[in-house]
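In what follows, chains carry the letters A, B, and so on, assigned in the order in which the sequence lines appear, proteins first and then strands, with residues in each chain numbered from 1.
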There are 2 protein chains.
Amino acid sequence: METRCENCIVRKFNSLRAMNKEELKQVSDAKVSKKFKKGEALFEEGEKLNGVYCVRDGVSKLSKLSANGKDQIVKLATTGEVMGQRAVIVEEPTNLSAVAVNDVEVCFVPKEIILDSMHKNPDFTLEVLRHMAHDLKEADDVIVNMSQKTVKQRVAEAFLYLKNNYGVDEEGFLNLTLSREDIANVVGTATESCIRIISEFKKKGYLKTSGKRIIITNEKELQDLVKGF
Amino acid sequence: METRCENCIVRKFNSLRAMNKEELKQVSDAKVSKKFKKGEALFEEGEKLNGVYCVRDGVSKLSKLSANGKDQIVKLATTGEVMGQRAVIVEEPTNLSAVAVNDVEVCFVPKEIILDSMHKNPDFTLEVLRHMAHDLKEADDVIVNMSQKTVKQRVAEAFLYLKNNYGVDEEGFLNLTLSREDIANVVGTATESCIRIISEFKKKGYLKTSGKRIIITNEKELQDLVKGF
DNA sequence: AACAAAACCTGACAAATATCATGTTTCCTT
DNA sequence: AAGGAAACATGATATTTGTCAGGTTTTGTT
């Protein structure tokens, strides 16, 4: 397995691609590889992060606990993404928890290296800024969806999102399998409501399930539903 | 009125404070002052922005149109804040519209100057990054509020927000007066529901109104409500 | 001051969603 | 393979919220 950041493909997808050779060498020398099993927490809301987590493999859910005790999943972080950036930049405790959705492998990069590069290399800083600008736009979109779309629309959208971002296997099953509870927490609804809607989608022939694995059988109808038809 | 950016107090509150003398001179020479009356649009969703808007005075609402034709207000931008940054950085059309809530005065700064400084001055870029990181955290909080709190809680929270951020006048009236419709669009609910909740708050003695001006008469109860008591 | 337009308000009702209770299936551990 | 825990599922019901329809008040303009 590749252990030098300079040669890591994952890096191509995140802001580390704007680093120069020396910087990458520093990162490579300081980074620590960590593995987490499905369900384990990488870090918890309120924790001080001593670095960022560059995802090599697997998916993590970034969530925030609400006053009523429910987790709201704000984002799913995948191979190539960097977690914990925000907290490191503003030097505050993180506002989100990260939990492995499946087995996850990350490279932990100490914050000093990141902050140092930011002061010295404007291209890197700008690249981080672009990524954050992108995240902010996505967050705006989520806000609008949450407040203006029905739960049914949001569930439909979640499945389309899973298909578009993680794809399907040979049989057509979604590559990323989330529990009903996780889907409910993405969508911001009660688990029972989420299950009920999935049942309805099955009855209408939009979805098929086998255990917890899911096939989208009528993508068009789901899209129309999201659009409000 | 002060027209040189170097001496502008407003700047102290935004990322322009990280600019050096020369950069500020450039900004100052290139900037154009613009005024907008209450209700006028500074820019519209989908528009290409040729620069950023530094708010000198007044408040604007940043909103996004949803599929069902309702505006969702994502943020209120006040004196000292910079609008349009995100779109300029990623060089995409803006995802938000900006409309003046009261009479607004801004300085328009051409994007070339901003982008140029970002490439040359890492301190400035980092400062912009910090502001964006802050906005992103706030957006995360809004997402959680939207999905996990009731409309009543969100309305209560909106009033507390207005008090904390814009203060009250000598008589105790909130300095920033929003229409019921605007409040509904901040909170993500129907205007009628918003009005009903305000009426309820008045009956319970949490609020008093005079025309569209509002006094919070029982802040504690509103806070408890938000916390879920 | 008169008028129109916009904003505000309320009631009645319908729809969406949460909650509680309970049963079934799946999955993991031994 | 058995047992138990967790996840999934569904019904009954209560609550929340949206919608429509009709008012009243406020505001701005002539």
Full working for side-chain hydrogen bond (donor to acceptor under 3.5 Å, both in side chains) between Q85(B) and S15(B): CA-CA 10 Å; Q85(B) 261 183 350; S15(B) 34; 3.0 Å; yes
Evaluation steps, ring-ring contact (aromatic ring centres under 6.0 Å, His included), between Y206(A) and F159(A): CA-CA 10 Å; Y206(A) 303 169; F159(A) 284 119; over 10 Å; no
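Using modelled atom types, no side-chain atom of S210(B) and backbone atom of R213(B) make a donor-acceptor pair closer than 3.5 Å. In terms of modelled atom types and a separation under 3.5 Å, the side chain of R154(B) and the main chain of G188(B) share a donor-acceptor contact. Checking side-chain atoms of N95(A) against main-chain N and O of K64(A) turns up no donor-acceptor pair under 3.5 Å. Side chain of T217(A) to main chain of L207(A): a donor-acceptor pair is present (N/O by atom type, distance under 3.5 Å, no hydrogens or angles).
A sub-4.0 Å separation between OP1 or OP2 of dA7(C) and a side-chain N or O of S179(B) is absent.
One atom, CD of E200(B), and another, P of dT10(C), lie 12 Å apart when rounded to the nearest Å. If you measure from atom CD1 of I198(B) to atom C1' of dC8(C), you get 10 Å, rounded to the nearest angstrom. For N185(A) and dC8(D), the CG to P distance is 12 Å, given to the nearest whole Å. As a whole-Å value, the separation of N68(B) CG from dA16(C) C1' is 14 Å. One interatomic measurement links the two molecules: CD1 of I214(B) to C1' of dA7(C), which rounds to 13 Å at whole-angstrom precision. If you measure from atom CD of E192(B) to atom C1' of dG22(D), you get 12 Å, rounded to the nearest angstrom. Residue D182(A) contributes atom CG, which lies 13 Å from atom C1' of dA6(D) at whole-angstrom precision. Summarising the geometry, the separation between CD1 on I197(A) and C1' on dA18(C) is reported as 12 Å, rounded to the nearest angstrom.
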Under-3.5 Å N/O pairs linking protein and nucleotides 12-15 of chain C:
unit_1: dA12(C); atom_1: N6; unit_2: R196(B); atom_2: NH2; d: 3.3

Can you pull every protein N or O that's under 3.5 Å from an N or O on nucleotides 25-30 of chain C?
none

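With salt bridges taken as basic N to acidic carboxylate O contacts below 4.0 Å, none links K137(A) and D141(A). Using a cut-off of 4.0 Å between Lys/Arg side-chain N and Asp/Glu carboxylate O, K61(A) and D182(A) are scored as salt-bridged. Between E157(B) and K149(B) there is a salt bridge, since a side-chain N of the basic residue sits under 4.0 Å from a carboxylate O of the acidic one. With respect to the salt-bridge test (charged N to carboxylate O, under 4.0 angstrom), the residues E219(A) and K163(A) qualify. A salt bridge links D135(A) with K75(A); the closest basic N to acidic carboxylate O contact falls under 4.0 Å.
S199(A) comes within contact range of the sugar-phosphate backbone alone, with a heavy-atom separation under 4.0 Å but no base atom that close. When heavy atoms are screened at a 4.0 angstrom cut-off, T189(A) is found touching the sugar-phosphate backbone but no base atom.
You'll find that the side chain of R180(B) is closest to dC8(C), out of dC20(C), dC8(C), dT10(C).
Residues from residues 150-158 of chain B with heavy atoms under 4.0 angstrom of DNA chain D, sorted by number: T150(B), V151(B).
Take the nearest nucleotide of DNA chain D for K70(B) and for E181(A): the residue whose nucleotide is more 5' is E181(A). Of the two residues contacting DNA chain C, namely A190(A) and K202(B), the nearest-nucleotide position lying further toward the 5' end is that of K202(B).
In this structure, Y53(B) and F108(B) have perpendicular ring planes: the angle between them is above 60°, well past the 30° mark.
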